[in-house]
Number of protein chains: 2
Amino acid sequence: MKEFLGKDMRLTNQRRIILEELQSVSTHPTADEVYGLVRQKMPRISLGTVYRNLEVLSSLGLVRKLENAAGQKRFDGDTSPHHHIRCEVCGKVGDIYDAPDISGIEKGLHSDFQVTGFILEFSGICPHCQARQQPEQ
Amino acid sequence: MKEFLGKDMRLTNQRRIILEELQSVSTHPTADEVYGLVRQKMPRISLGTVYRNLEVLSSLGLVRKLENAAGQKRFDGDTSPHHHIRCEVCGKVGDIYDAPDISGIEKGLHSDFQVTGFILEFSGICPHCQARQQPEQ
DNA sequence: TCAAAATTTGATAACCATTACTAATTGAGC
DNA sequence: GCTCAATTAGTAATGGTTATCAAATTTTGA
Ligand SMILES: [Mn+2]
Ligand SMILES: [Mn+2]
Ligand SMILES: [Zn+2]
Ligand SMILES: [Zn+2]
């Protein structure tokens, strides 16, 4: 991790553990949930430190910040290219690795904006909420 | 508009003017900006009434609600199918009417979620911010 | 026609995720 | 180890949104 930090940035225990915990789960936790995870290893860390470092890590490209839908921001320790699906009921986020490749779809659009990219996000219902929603029949 | 309201819902002046104002612009205003527009016609309306009715109108399908964790919600009086592009600098939203059709892309994905749909949103830089960002050369 | 019931409003308070502030602490180069 | 800028813990502030509720408005129906 050290090699990714800028020259005036320090590798603190807080920073290292936040990244490690985020990389150890596949749940796309919110900042608050990351806080819960990290406190098991480092009980005196503050929520502000978690927010601050999630922002630092995402601007360094070490984590992905998911902010293109309703609800709280979520964070992803998996920076490999993949899409996400968000539960319409509870907001939980899952991974989609096999979506058709639509790269380049942003080229040649008619817009006065300078187009730089796109985000494709799926919506659905997570296993837990499926079970809750059809209890009968 | 009356025909779209539920049987226990009333067509108030507030409700009608909010929809009319939203349909009269193509700027995808925030709730606060809708409040500003509506107050020109109805100076004593409250911000809470604007929020409440934007929610009602969007649940009836009369307006589109554009949610994003990166900023404020925005509202669209144009319910015809089209995509959006968001300015990375200022958050302004524009329309994209000529994106390639990717409907059906959500079918056959490998996920334990029940997949119901998708959102494709473009990102870019709006004309105003383009002018501000490259002042030289 | 008129009073009771239902809905909606305006005003304001509460909420809550996130950011800002600041004195104390600490990582890293010398 | 010493120095000092970067970082932290703790807490306050922010800001968009939602909740609350008495008053106003509209509908119902006797
Ligand atoms: Mn992911
Ligand atoms: Mn639009
Ligand atoms: Zn769910
Ligand atoms: Zn812009």
Side-chain angles (χ1 to χ4, degrees), chain A residues 1-19 21 28-60 62-63 65-75 86 90-93, chain B residues 1-2 4-19 21 28-36 38-60 62-63 65-75 86 90-93:
Chain A
M1 170 176 182
K2 192 135 179 219
E3 61 272 24
F4 294 104
L5 297 171
K7 77 180 228 315
D8 290 340
M9 306 183 80
R10 295 176 184 175
L11 178 47
T12 61
N13 288 331
Q14 288 86 341
R15 209 159 264 179
R16 183 176 46 77
I17 291 180
I18 288 170
L19 181 58
E21 289 302 305
H28 309 89
T30 62
D32 203 68
E33 289 166 348
V34 173
Y35 180 49
L37 290 168
V38 173
R39 268 205 293 187
Q40 295 174 16
K41 297 262 173 70
M42 186 174 259
R44 301 195 52 81
I45 195 172
S46 79
L47 179 58
T49 298
V50 172
Y51 269 104
R52 199 184 323 109
N53 281 307
L54 285 173
E55 205 57 45
V56 168
L57 292 171
S58 97
S59 73
L60 292 171
L62 293 173
V63 313
K65 180 166 57 170
L66 310 180
E67 52 180 2
N68 263 77
Q72 298 161 254
K73 290 173 188 166
R74 290 178 174 272
F75 297 88
R86 191 176 299 263
C90 71
K92 219 172 288 174
V93 168
Chain B
M1 169 175 183
K2 194 137 179 216
F4 295 104
L5 297 171
K7 76 181 226 316
D8 290 340
M9 308 184 80
R10 295 173 185 174
L11 178 48
T12 61
N13 287 332
Q14 287 86 343
R15 210 158 264 178
R16 182 176 47 76
I17 291 180
I18 288 170
L19 180 58
E21 289 303 304
H28 310 88
T30 62
D32 204 69
E33 289 166 347
V34 173
Y35 179 50
V38 173
R39 268 206 293 188
Q40 295 175 13
K41 298 264 172 70
M42 187 174 259
R44 301 195 52 80
I45 195 172
S46 80
L47 180 58
T49 298
V50 172
Y51 269 105
R52 198 184 320 113
N53 281 309
L54 285 172
E55 205 56 46
V56 167
L57 292 171
S58 98
S59 73
L60 291 172
L62 293 173
V63 313
K65 178 167 57 169
L66 313 179
E67 309 189 81
N68 75 309
Q72 297 163 253
K73 291 173 188 166
R74 290 178 175 271
F75 296 88
R86 192 178 301 267
C90 71
K92 218 172 288 174
V93 169

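Throughout, protein chains are lettered first and strands after them, A, B, ... in sequence-line order, and every chain is numbered starting at 1.
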### B:R74 side chain vs B:L66 backbone, donor-acceptor pair below 3.5 Å
no

### Message
So for A:R10 and C:dA28, does any side-chain atom that can act as donor or acceptor lie under 3.5 Å from a complementary atom in the base?
### Response
no

### Query
Is there side-chain contact between B:R16 and B:L11, with at least one heavy-atom pair below 4.5 Å?
yes

#### Entry: Phosphate OP1/OP2 of C:dT18 contacted by A:Y51 side-chain N/O (<4.0 Å)
yes

### Query
Any idea which of C:dT9, D:dT18, C:dT8 is nearest the B:K73 side chain?
D:dT18

### Message
Check the phosphate of D:dT25 against B:T12, side-chain N and O only, distance under 4.0 Å to OP1 or OP2. Yes or no?
### Response
no

### Message
What contact category does A:D32 fall into here, base, sugar-phosphate, or nothing, at under 4.0 angstrom with non-hydrogen atoms?
### Response
nothing

### Query
Given C:dG27, C:dA17, D:dA9, which nucleotide is nearest the side-chain atoms of A:T49?
D:dA9

### Task
Find out whether B:V56 and B:M9 are in side-chain contact, i.e. whether some heavy atom of one side chain is under 4.5 Å from a heavy atom of the other.
yes

### Task
Please report, rounded to the nearest Å, how far the P atom of D:dT8 is from the CE atom of A:M9.
10 Å

### Query
Hey, does the side chain of A:E33 reach the backbone of A:T30 with a donor-acceptor pair shorter than 3.5 angstrom?
yes

### Whole angstrom value for the distance that separates C1' of D:dT17 from CZ of B:R74
16 Å

### Task
Check the distance between C:dA11's P and B:Y35's OH and give it to me in whole angstrom.
8 Å

### Euclidean distance, atom CG of residue A:N13 to atom P of D:dT7 [Å, nearest integer]
14 Å

### Query
Can you tell me how far C1' of C:dA13 sits from CZ of B:R52, to the nearest Å?
15 Å

### Query
To the nearest angstrom, how far is A:K7 atom NZ from D:dA6 atom P?
8 Å

### Query
Given atom CD of A:Q14 and atom C1' of C:dT26, what is their separation to the nearest angstrom?
9 Å

### Query
Counting side-chain heavy atoms from C-beta on, which of C:dA17, C:dG10, D:dT17 comes nearest to B:S46?
C:dG10

### Message
Are B:N13 and B:K41 packed together at the side-chain level, in the sense that at least one heavy-atom pair is separated by less than 4.5 angstrom?
### Response
no

### Query
If you check every side-chain atom of A:A31, which of D:dA6, C:dT18, D:dT7 has the closest atom?
C:dT18

### Query
How many Å lie between CG on A:L5 and C1' on C:dT26, as a whole number?
15 Å

### Query
Are OP1 or OP2 of C:dT7 and a side-chain N or O of B:R15 less than 4.0 angstrom apart?
no

### Task
Please tell me which of B:D8 and B:G48 maps to the more 5' nucleotide of DNA chain C, matching each residue to the nucleotide holding its nearest heavy atom.
B:D8

